[in-house]
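These notes concern the structure reproduced below.
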Amino acid sequence: MDSNLKGAKPVMPELAKLDATAQAELVRKGELTALELVEAGISRIEQVNPQVNAVVEKFYDRAREAAKGKLPEGPFTGVPNLVKDLDNLKGTRATSGSRFLAQNISPETDPIIAGKEKSGFVMVGKSNTPEFGLLGTTESLLLGSCNNPWNVAHSPGGSSGGAAAAVASGMVPVAHATDGGGSIRIPASCCGVFGLKPSRGRIYLGERQLPGDIGFQHCVSRSVRDSATLLSLTELTGKEAVLPPVGRVEGPGKKRLRIAFGTMDYKGREPAPDVKAALEDVAQLCADLGHEIVPARNRIDGAAFEDAFLAAWASGPAELVALVKQMGLDPEAVLEPWTVGLAELFNSKPAGTLEKSLAHFAKVTAQTEAFMADYDVWLTPVLASAPPKTGEQAPTVPFDTLYERVFNYVTYTPLHNVVGTPAMSVPLSWNKAGLPIGSQFAAQPGQEKVLLELAFELEQARPWADKYPPVFAG
């Protein structure tokens with residue numbers, strides 16, 4: 001594939017299989033130039049994106065110019081990366097997956113993206129996302145469905161579905177991702193890649209924030225070390241730090257952990273049999289590695305939490321619909337049915353609903369922190385099932401049906417957004433149909449080091465780097 005690039009000397013056929021750290025090392029050693037690395041990434045995107053639709057905006061010329069110039073010296077110099085299309089890169093289109101913003105151009109670059117560029121990454125395009133990141137699948141009416149590289153008839157998850165599909169299919173080794181209710185961990189689970197949601201306050205996100213500060217940003221990656229290295233480069237340090245810095249985590253820890261384990265969700269429901277079996281197998285793997293597995297369940301009021309989370313989640317669409325109407329536009333003409341339905345649901349609630357929901361967040365946070373105080377790590381499923389087929393959770397599904405499907409499927413991840421705990425999806429399992437099933441590990445706020453050291457250990461014990469989906473650029 002890459003050897004056919006015009007003007008570029010041949011590069012190894014295995015380049016798509018290398019993580020970002022290894023790709024950048026080729027530049028540092030002089031074996032490839034940054035431009036050749038970027039050109040190879042562009043070639044991979046062009047090869048497999050037609051089957052996946054993970055990359056929805058391409059700025060190749062901008063990337064080439066950046067690669068020709070003096071890039072920042074860092075651990076990722078010259079490595080191609082993608083910006084999720086919920087975020088801004090100055091001068092490029094930023095649609096948030098919505099027809100309402102189809103022609104929107106970013107006037108500035110968001111802080112998290114600027115931080116990634118400072119670490120040496122070269123942004124080559126935008127990754128697919130559902131409208132305003134509001135679903136756990138990636139099937140917007142504007143950008144089209146993103147397909148799972150493991151089976152293109154299935155969803156790659158969401159809302160960072162394009163990012164995870166691009167990494168899983170070898171287009172790029174790491175991609176920017178965001179998480180407001182599981183949007184890093186869900187697609188990481190669906191696509192068989194690694195995804196860490198950091199603690200609240202770990203990374204500066206700018207002035208924009210979701211109600212309850214439930215929004216987070218980081219990346220999805222093929223390797224643990226790429227995620228760990230990037231976190232060390234983008235976390236707040238010095239006087240700006242809200243938490244003690246994690247620093248550079250480079251391998252497994254020696255401490256044996258006390259791990260709470262349960263497969264029931266916050267309403268007492270069990271996941272699909274293949275998910276339950278996968279998680280029990282992962283718990284046994286942890287036990288075999290010497291960790292203590294303790295059956296446990298955080299007994300929050302699941303119904304009350306779901307109502308509170310939904311109110312916070314739907315408050316944004318309600319504001320959006322009001323803005324669209326103020327502009328003299330028909331919401332149903334420029335927004336998706338799911339977005340409009342969320343707005344209508346929120347507007348049907350009594351005054352003070354959001355404030356009441358945020359107060360419930362505080363209650364749930366205290367309860368969860370008390371539960372987790374007895375453990376180093378908490379292991380649960382990421383999702384209630386393996387990746388669903390495309391269309392089952394599309395934004396055009398009748399609202400009540402879609403609501404039930406979404407909140408039965410995405411049931412393990414939102415709590416960690418509310419509490420602010422770090423949580424990761426680790427790709428340790430595949431079902432009989434060949435679809436990935438991630439395992440979610442969470443730790444107490446500020447304890448990313450504990451998670452990353454465990455992730456390094458699991459990566460060594462059950463390597464996933466040599467597992468490639470049927471759609472792969474290699």
What pair of heavy atoms forms the shortest contact from [X] to [Y], and how long is it?
| X | Y | result |
| --- | --- | --- |
| R248 | T229 | NE-OG1, 3.2 Å |
| A63 | V38 | CB-CG1, 4.1 Å |
| V382 | T413 | O-CG2, 3.5 Å |
| I293 | A283 | CG1-O, 3.5 Å |
| V282 | S429 | CG2-OG, 3.7 Å |
| C190 | Y409 | SG-OH, 3.3 Å |

Can you confirm whether the side chains of [X] and [Y] place a donor and an acceptor under 3.5 Å from each other?
| X | Y | value |
| --- | --- | --- |
| N147 | N53 | no |
| H218 | S227 | yes |
| T263 | E270 | yes |
| S127 | K84 | no |
| D265 | T411 | yes |
| R28 | T77 | no |
| E355 | H360 | no |
| Q23 | D19 | no |
| E131 | S140 | no |
| N49 | R44 | no |
| T138 | N128 | no |

To the nearest 0.5 Å, how far apart are [atom1] in [X] and [atom2] in [Y]?
| X | Y | atom1 | atom2 | answer |
| --- | --- | --- | --- | --- |
| L458 | F194 | CG | CZ | 9.5 Å |
| L415 | Y266 | CG | OH | 9.0 Å |
| S439 | L428 | OG | CG | 5.0 Å |
| N408 | Q393 | CG | CD | 9.0 Å |
| F132 | S159 | CZ | OG | 12.5 Å |
| L15 | L26 | CG | CG | 6.5 Å |

**Request:** Decide yes or no on side chain to side chain contact (heavy atoms under 4.5 Å, CB included) for V418 and F309, but give the supporting numbers first.
**Result:** CA-CA 8 Å; V418 169; F309 187 84; 3.8 Å; yes
[X] side chain to [Y] backbone, donor-acceptor under 3.5 Å:
| X | Y | value |
| --- | --- | --- |
| S160 | T178 | yes |
| N148 | A153 | no |
| W464 | R222 | yes |
| R256 | L289 | yes |
| T129 | G97 | no |
| W150 | C191 | yes |
| D87 | D110 | no |
| E235 | G247 | yes |
| T353 | K349 | no |

Please report, to 0.1 Å, the donor-acceptor pairs under 3.5 Å made by any side chain of residues 440-447, with sequence neighbours excluded.
| residue | atom | partner | partner atom | Å |
| --- | --- | --- | --- | --- |
| Q440 | OE1 | R185 | NH1 | 2.9 |
| Q440 | NE2 | T380 | OG1 | 3.0 |
| Q440 | NE2 | Y412 | O | 3.1 |
| Q444 | NE2 | M372 | O | 3.0 |
| Q444 | NE2 | Y375 | O | 2.9 |

Is [Y] close to [X] at the side-chain level, that is, under 4.5 Å between some pair of heavy atoms?
| X | Y | answer |
| --- | --- | --- |
| E117 | M123 | yes |
| Y204 | I112 | no |
| P80 | V124 | yes |
| L196 | I184 | no |
| E459 | S223 | yes |
| E139 | P395 | yes |
| V48 | F472 | no |
| N88 | I113 | no |

Regarding [X] and [Y], does a basic nitrogen lie under 4.0 Å from an acidic carboxylate oxygen?
| X | Y | result |
| --- | --- | --- |
| R258 | D374 | no |
| E73 | K118 | no |
| K17 | E14 | yes |
| K267 | E306 | yes |

**Message:** Consider side-chain hydrogen bond (donor to acceptor under 3.5 Å, both in side chains). Of K126, Q217, K116, which one does H176 pass it with?
**Reply:** Q217
**Request:** Would you check, one step at a time, whether the test side chain to side chain contact (heavy atoms under 4.5 Å, CB included) holds for W378 with I259?
**Result:** CA-CA 5 Å; W378 181 18; I259 301 177; over 6 Å; no
**Message:** Around atom NZ of K276, are there more than 12 heavy atoms from other residues, nucleotides or ligands closer than 6.0 Å?
**Reply:**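 Yes, because the 6.0 Å sphere around NZ of K276 holds more than 12 heavy atoms from other groups.
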**Request:** State whether the number of non-hydrogen atoms from other residues, nucleotides or ligands found under 6.0 Å of E404 atom CD is greater than 12.
**Result:** no
**Worked verdict on F76 versus L233 for side chain to side chain contact (heavy atoms under 4.5 Å, CB included)** = CA-CA 11 Å; F76 302 121; L233 297 171; 4.1 Å; yes
**Message:** Go through it in stages, so that I can follow the logic: the residues are V249 and E448, the test is side chain to side chain contact (heavy atoms under 4.5 Å, CB included), and I'd like the CA-CA distance, side-chain angles, deciding distance and then a yes or no.
**Reply:** CA-CA 9 Å; V249 181; E448 284 91 335; over 6 Å; no
**Request:** Run the numbers on Y403 and W338 for ring-ring contact (aromatic ring centres under 6.0 Å, His included), then give the verdict.
**Result:** CA-CA 9 Å; Y403 173 90; W338 174 247; 7.1 Å; no
Could you give the side-chain donor-acceptor pairs of residues 161-174 under 3.5 Å, partners two or more places apart or in another chain?
| residue | atom | partner | partner atom | Å |
| --- | --- | --- | --- | --- |
| S169 | OG | A165 | O | 2.7 |
| S169 | OG | A166 | O | 3.3 |

**Request:** If the plane angle is over 60° it's perpendicular, under 30° parallel, otherwise tilted; pick one for F305 and F361.
**Result:** tilted
